2 protein chains.
Amino acid sequence: MPRPSQTHEKREQLLPLVAQAFAELGYRRATTAVLAQRCEVRVNILYRLWADKKAMFIASIDYVYEQAVGIWREVLAETDDDTGGAERLLRHEAEHYGESGLHRIIFAGLSETHEPEIRQALRDMYGRFHRFIRGQIADHRDGHETTGLLGETVAAWAIVGLGNVANISRELGLQTDRGRKKMFSQAGRLLLDGRG
Amino acid sequence: MPRPSQTHEKREQLLPLVAQAFAELGYRRATTAVLAQRCEVRVNILYRLWADKKAMFIASIDYVYEQAVGIWREVLAETDDDTGGAERLLRHEAEHYGESGLHRIIFAGLSETHEPEIRQALRDMYGRFHRFIRGQIADHRDGHETTGLLGETVAAWAIVGLGNVANISRELGLQTDRGRKKMFSQAGRLLLDGRG
DNA sequence: CGATATTGTAAGTGTTTGCTTACGCCTCAG
DNA sequence: CTGAGGCGTAAGCAAACACTTACAATATCG
């Protein structure tokens, strides 16, 4: 009998490194050679774990999203009677924005590939992302007066937009860290419950 | 004496086609071969007009931005006593969002290249973009009560964010046209003057 | 005309990149 | 032990790409 395959474990071991490379470099610049180098293996080993580069990227999309959501759930789990979960999330993003690499991978997938499968993966992930935020807004508003407020769906999209612009401005150095924090907290608050 | 060079005219003639190709396809997919084909010339003719592909892209960034601003100025120039300029702009974008290709070219430049010169061009352009919107917000609020409203800088970034998310959702088919229109008008209005 | 620079056409070059093949070593159940 | 499969290493292929070179045709203006 042959030795048992460790494909699954190896995949789990290398995926964080692969995802990190895609988030940092984008799709094209993360060449298979670079991916392999970062994983400290040879290219063809990656090809034994995934069918092609496209599959590596799709796995990375899911991985990065799950990582981000994991952190958000931790923030939500912190017991804090003063501030609600949604507010804590906003504050957390204002401080740690961009660290997950989520938006970088979205941008890369959107503009560097036109592969139907990648677009579908992005669509799915973005849908979950939006649903998560909308759920937080709903929880936040639960029991409060909501007349005159933005609909939850609209508010969730607008908050995702804040994240996008924060990402771009960070990458280009358009805002100071202070400015970006201010934008997140003030505009986020306004969208969340109508208070400037 | 030789015949006079028509380089300048030719550049102006081909730039719209080149920019259109970059906006549609992104940076890499708009290969020099494709660009030439769309211009109905041979590749090396493009290289007589611009030093390299990078220069073609930078010229396209400026061109697309100028085109977009030109349209916005037309919208602003329409005499309409009922609604202010900023409101008309928001409504216009809600209807015609994405047609200019501005955001597509920004995304392409951001995630497909790491060239310092391209990033600088994007930085400059984004700065002008933000300044333009901030100016419109200032005009809109001029003479009105502004206590309790978002600062102009923050509001302008948040509105740019609306544009970003509208672009992504359009590209992935995440929102209906109706939903996107609603998002633009409602969230835009809220950011503009605090009214839901 | 005629000298001269511009324009159009065509073929090619060197590099990068995704992906494959070939092959020998190692591991572990029977 | 043994041998069937997993594993690591290395070399290389075909395609795509940005960019170049060579050259003939053409238009301008003294």
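Residue numbers begin at 1 in each chain, while the letters A, B, ... track the order of the sequences. Just so you know, these numbers come straight off a predicted model, no measurement behind them.
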- Message: In this structure, how many angstroms lie between the C1' atom of D/dA18 and the CZ atom of A/R28, rounded?
- Response: 14 Å
- Message: Using a 6.0 Å distance limit plus a 45 degree cone around the ring axis, check whether B/K53 lies over the aromatic ring of B/Y27.
- Response: yes
- For the side chain of B/I45, starting at C-beta, report the closest nucleotide among C/dT17, D/dC19, C/dT9. C/dT9
- Message: What I'd like to find out is whether the side chain of A/L49 reaches to under 4.5 Å of the side chain of A/K10, using heavy atoms alone.
- Response: yes
- Query: When all nucleic acid strands are considered with a 4.0 Å heavy-atom cut-off, which category describes A/D52: base, sugar-phosphate, or nothing?
  - Reply: sugar-phosphate
- Message: Looking at B/T32, I'd like to know whether one of its side-chain N or O atoms comes within less than 4.0 Å of OP1 or OP2 on D/dA18.
- Response: yes
- Check: B/F57 ring centroid to B/W50 ring centroid under 6.0 Å: no
- Message: Donor-acceptor check, side chain of A/Y47 to backbone of A/D52, threshold 3.5 angstrom: yes or no?
- Response: no
- Task: With the side chain of B/R42 defined as its heavy atoms from C-beta on, choose the nearest nucleotide among C/dG18, C/dA10, C/dT7.
- Result: C/dA10
- Task: Just call it for B/K10: base, sugar-phosphate, or nothing, with non-hydrogen atoms closer than 4.0 Å on any strand.
- Result: sugar-phosphate
- Atom-pair distance (OH on B/Y27; P on D/dC17), nearest Å: 13 Å
- Quick one: A/L46 CG to D/dG8 C1', roughly how many Å, whole number? 13 Å
- If each of A/T31 and A/R48 is mapped to the nucleotide of DNA chain C with the nearest heavy atom, which maps nearer the 5' terminus, i.e. the 5' end? A/T31
- Message: Using the side-chain heavy atoms of A/K53, tell me which of these nucleotides is nearest: C/dT7, C/dG18, D/dT21.
- Response: C/dG18
